[in-house]
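Before we start, here is the structure in question, set down as structure tokens.
Atom set for the values below is all heavy atoms of this structure, side chains included, hydrogens, waters and symmetry mates excluded.
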Amino acid sequence: MTQQYRYLSPEQVEHFLKHGYIVIRNGFTEEKAAEWTKTIWVRLGLNPNDKSTWTRDRIHMPWHRRESVATFAPKVWDAMQDLLGGAERINEDDSRWGDSFIVNFGNKALENATERIHPRDLDNWHVDGDFFVHYLDSPEQALLVIPIFSNIKPGGGGTYIAPEGIQMIARYLASHPEGVMPTGLSFTPSTTTCTDFKNDPGYWSHLKEVHNCTQFVEMVGEIGDVVLLHPLMLHSAAKNYLRQPRVITNPPVSLKEPFNFARENEEEYSLVEKKTLRALGVDKLDFHITTERRRMIPKRVDIQTKLLEEEKQRLKDHDLLV
């Protein structure tokens, strides 16, 4: 029996199962985007008309407001349900979107560059989820989501993805039921006894392994577009050669329960689970973790807390603090 989906077309379903991502065009309105970004330059403390004030290539901003995906981007919420097996499996409160913008400015050297870096040589390849120990079935990061808040042209700093990385990461995680820690741009088994993680036989370097990939896709789009990707998608921040500020967010989507790769009824597999099984080359996998799930406190938390206070002060100085 053919499964029925709330939003996704058969072509989108097949594209996700083959490539591990889909793009929802006009996922939210330009009015919503404008409402959320209207104070962005005050928050940043930068001059939009003076590039000399753009002293950092990329800035990760903290959030001041959050909203459910269902009200902010209804089409996207429907697509998320299709990908994850229904709203009842999603932890909706933990999956809300916020105005924690990631702004990619680029720099003068990139703007004047005569040659562009090959995607595989980018220095930021990683898998999302710096706040938990990773297992193949981890529920904390069930999708990688990229809502686009500025028009992104080729070469304008759009995220690069390596779809072949899903298979590589899935097989790596399947072989490590003890879980792996996110250690920068790498994974290290959670049971390691090595002081230098690189000495652990199970150490995984995203920057090294991405050189085994041959397909790279640049995520370009327009305000309101949303990219939904498999949680094991290998991706990297890209260089912004155009010096036109690129603005996105990167909210996680979490599940109430871990992914299940051994369901009795195969029609109950979510599309993400199906893609993972396809990447592993199996129809079913009775996967069991061997250590306790746990969360981690990433270094960015302290940085974000400090930035939040600085932004609040700027908003207050401009009588914009709500």
key: Y135 versus T291, side-chain donor and acceptor atoms under 3.5 Å   = yes

task = Flag the pair R43 and D99 as a salt bridge only when some basic side-chain nitrogen lies within less than 4.0 angstrom of an acidic carboxylate oxygen.
result = yes

ask   = So, are K284 and E266 salt-bridged, with charged N and O less than 4.0 Å apart?
value = no

message = Between the side chains of D283 and K274, is the shortest nitrogen-to-carboxylate-oxygen separation below 4.0 Å, so that they form an ion pair?
response = no

request  = Would you mind reporting whether R58 and N124 have side-chain heavy atoms less than 4.5 Å apart?
outcome  = yes

ask   = Under 3.5 Å, is there a donor-acceptor pair linking the side chains of Q141 and S254?
value = no

request  = Specify the closest pair of heavy atoms between L17 and L271, including all atoms of both residues, with the distance to one decimal.
outcome  = CD2-O, 3.8 Å

ask   = For the residue pair W36 and F149, does the interplanar ring angle fall in the parallel (under 30°), tilted (30 to 60°) or perpendicular (over 60°) class?
value = parallel

Within the 6.0 Å centroid threshold, strictly below: W77 and F72 = no

message = To check you understand the geometry: which heavy-atom pair defines the closest contact between C213 and G165, and what is its length?
response = SG-N, 4.0 Å

task = Write down the atom of F28, the atom of A33, and the distance for their closest heavy-atom approach.
result = CE1-CB, 3.7 Å

ask   = Going from CG on L144 to CD1 on I161, what distance comes out if it is rounded to the nearest 0.5 angstrom?
value = 8.5 Å

ask   = Charged N to carboxylate O under 4.0 angstrom, R6 versus D82?
value = no

message = Salt bridge or not between R65 and E35? Use side-chain N to carboxylate O under 4.0 Å.
response = yes

Any side-chain donor near an acceptor of the partner, T276 and H230, under 3.5 Å = yes

note = In terms of heavy-atom contacts, D130 and P182 come closest through CA-CG, 3.9 Å

ask   = Looking at Y21 and V217, what are the two nearest heavy atoms and their distance?
value = OH-CG1, 3.7 Å

request  = Verify the distance criterion only: is there a donor paired with an acceptor across the side chains of N107 and E111 at less than 3.5 Å?
outcome  = no

query = Does the side chain of H235 come under 3.5 Å of the side chain of D128 through a donor N or O and an acceptor N or O?
reply = yes

query = Distance only, no hydrogens: is a donor on one side chain within 3.5 Å (strictly under) of an acceptor on the other, for D94 and N91?
reply = yes

query = Is the shortest distance from a Lys or Arg side-chain nitrogen in R293 or E140 to a carboxylate oxygen in the other one below 4.0 Å?
reply = no

request  = Kindly indicate whether the side chain of V145, heavy atoms from C-beta on, has any atom under 4.5 Å from the side chain of L229.
outcome  = no

inquiry  = Could you check whether R116 makes a cation-pi contact with Y241, meaning its NZ or CZ is under 6.0 Å from the centre of the six-membered ring and within 45° of the ring axis?
reply    = yes

inquiry  = Is it the case that over 12 heavy atoms from other parts of the model lie below 6.0 angstrom from the CD atom of E88?
reply    = yes

query = Ion pair present between R96 and D93, side-chain N to carboxylate O less than 4.0 angstrom?
reply = yes

message = Quick test of your reading of the model: are E14 and K18 salt-bridged, counting only N-O distances below 4.0 Å?
response = no

query = Going by the angle between their ring planes, with limits at 30° and 60°, are Y172 and H176 parallel, tilted or perpendicular?
reply = tilted

